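Structure first, then comments.
Here the structure is a predicted model, which is why all the values come from computation and not from measurement.
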Amino acid sequence: MTAKSKGTILSYRRDVRVVDATVRDGGLVNDFRFTDEFIKNLYRANIKAGVDYMEFGYKASRDIFPEEDFGPWKFCKEEDLRRIVGDNDSDMKIAVMADVGRTDFRHDIIDKNDSVIDLVRVATYINTIPAAVEMVEYCHDKGYETTINIMAISSDNDSDIDEALHLIGQSPANGIYIVDSYGAIYPEQMRKLADKYLSAAEKYNKYIGIHAHNNQQLAFANTIEALSRGVSYLDVTVSGMGRGAGNCASELMLGFLKNPKYNILPILDILEHEIVPLKEQGVIWGYDIPYLLTGQLNQHPRTAIAATKEHRTDYRKFYVDLVDYK
């Protein structure tokens, strides 16, 4: 630990929040077709585990994404959420994600007083920050907590990141997220990036979160590296379930954090009774060589996702094709 680090491996910070994104990011590998039993069991397990937020899915536009092509958690309609959580009589808060350009936010995001949702996380690329700020202003006025999650940050340069943080800093967003969409960032880079974000957070009175992908098996390492610098909102998914190589695993994080409110045992139950059957049904996610290679080359994992679905093992050719594409 350096002098600038916040806390030690044996201490816990009261500002830390664990955000379960299993349904939202994991839904990208099965078109959000989870059974109600799965969702209810995960919801109850997260409460017992002390998880602070559970992200149920997207607020996606039904004009862009046909409802018949996806399960309900692509859209997170109020009646579907309440079917699972009722009035959410628990300490755990409910979150959803709204993508810039893919959400009819003025139509589908209702007043907070009429919704069980607490937090709306606005996902954006760096070139659509003004649109993200507009969405955050709308959701803030409706009464929600909000974050802006800048995706694919590994492909952006320092000056653009600085400008983005300035624009978001002036918005009503409560938090700003570092998102390593390509799984391309190494811990040393994460440390510097976290310090940059945290400097903006201090200036504008925001918190910083991290959402890591596991292309190079660094999602957990990058998350605890960011945590050590002062990042406080930590995204996790059970068994790392998420698009492509997946995310920082809940069971790793809950086993690492020293806050006695967190309890790994309910998550182990979910792993045994829900995740193992999903994998046996053929739902695939997690580290694989194609994801490693796109991560090393700082590329979107779409080509690796396709290669994995085709069960390709011609890794040398795949790598050469990636280099040529780049």
After noting the C-alpha distance and the side-chain angles of V179 and I153, does the key distance pass the side chain to side chain contact (heavy atoms under 4.5 Å, CB included) rule?
CA-CA 6 Å; V179 185; I153 201 67; 5.8 Å; no
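- Looking at residues two or more places apart in sequence or on another chain, you find a salt bridge (Lys or Arg N to Asp or Glu O under 4.0 Å) between K77 and E67.
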Verdict with reasoning, N127 to D160, per side chain to side chain contact (heavy atoms under 4.5 Å, CB included):
CA-CA 9 Å; N127 63 320; D160 285 346; over 6 Å; no
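- When hydrophobic clusters are built by joining Ile, Leu, Val, Met, Phe, Trp and Tyr residues whose side-chain heavy atoms come closer than 4.5 Å, directly or via intermediates, M253 is grouped together with Y262.
- Taking a 6.0 Å sphere around CD of E78, one finds it holds more than 12 heavy atoms contributed by other residues, nucleotides or ligands.
- Applying the 6.0 Å contact sphere to CG of N205 captures no more than 12 heavy atoms from other residues, nucleotides or ligands.
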Give the C-alpha distance, both sets of side-chain angles, the deciding distance and a yes or no for salt bridge (charged side-chain N to carboxylate O under 4.0 Å, His left out) between K59 and D99.
CA-CA 8 Å; K59 275 287 188 181; D99 273 346; over 6 Å; no
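- Residues passing the ring pair (Phe, Tyr, Trp, His ring centres under 6.0 Å) test with H300, sequence neighbours excluded: Y182.
- The cationic group of R121 lies under 6.0 Å from the six-membered ring centre of Y177 and within 45° of the ring axis, placing it in a cation-pi geometry.
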Only distances under 3.5 Å count here; give the side-chain donor-acceptor pairs of residues 271-280 to other protein atoms, sequence neighbours excluded, each with its distance to 0.1 Å.
from, atom 1, to, atom 2, distance (Å)
E274, OE2, N41, ND2, 2.7
K279, NZ, S239, OG, 3.4

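- With sequence neighbours excluded, no residue forms a salt bridge (Lys or Arg N to Asp or Glu O under 4.0 Å) with R17.
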Give the C-alpha distance, both sets of side-chain angles, the deciding distance and a yes or no for salt bridge (charged side-chain N to carboxylate O under 4.0 Å, His left out) between D69 and K74.
CA-CA 10 Å; D69 291 347; K74 181 76 170 179; over 6 Å; no
Could you go through the side chain to side chain contact (heavy atoms under 4.5 Å, CB included) check for I150 and I168 one step at a time?
CA-CA 10 Å; I150 311 175; I168 298 170; 3.7 Å; yes
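- Figure legend: K317 and Y319 shown without cation-pi pairing, the cationic atom not lying both under 6.0 angstrom from the six-membered ring centre and within 45 degrees of its axis.
- Counted by atom type alone, H213 and N247 present one or more donor-acceptor pairs between their side chains at under 3.5 Å.
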Could you go step by step and tell me if Y58 and F32 meet the ring-ring contact (aromatic ring centres under 6.0 Å, His included) rule?
CA-CA 10 Å; Y58 286 95; F32 303 89; 5.8 Å; yes
How far apart are the C-alpha atoms of T303 and F318, what are their side-chain angles, what is the distance that settles it, and do they pass the side chain to side chain contact (heavy atoms under 4.5 Å, CB included) test?
CA-CA 9 Å; T303 51; F318 181 77; 4.1 Å; yes
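- Remark: K258 NZ is packed, more than 12 non-hydrogen atoms of other residues, nucleotides or ligands lying under 6.0 Å away.
- The number of heavy atoms from other shown groups lying within 6.0 Å of CG (D111) is above 12.
- In the model, N88 has a side-chain atom that pairs as donor or acceptor with a side-chain atom of Y43 under 3.5 Å.
- Under the 3.5 Å distance criterion, with hydrogens and angles disregarded, no donor-acceptor pair is assigned to the side chains of S61 and D63.
- What you find for T237 and D20 is that their closest heavy atoms are CA-OD1, 4.3 Å.
- Ring geometry for Y233 versus Y207: interplanar angle under 30°, hence parallel rather than tilted (30 to 60°).
- More than 12 heavy atoms of other residues, nucleotides or ligands sit less than 6.0 Å from atom CD of Q170.
- Remark: R102 CZ is loosely packed, at most 12 non-hydrogen atoms of other residues, nucleotides or ligands lying under 6.0 Å away.
- Within 6.0 Å of atom CG in D87, 12 or fewer heavy atoms from other residues, nucleotides or ligands are found, so the atom counts as exposed in its surroundings.
- Listed by chain and number, the residues in a salt bridge (Lys or Arg N to Asp or Glu O under 4.0 Å) with E137 amount to none (sequence neighbours excluded).
- Contacts classified as salt bridge (Lys or Arg N to Asp or Glu O under 4.0 Å) and involving residues 27-48 (residues at least two apart or in different chains) are given here: D36-R83.
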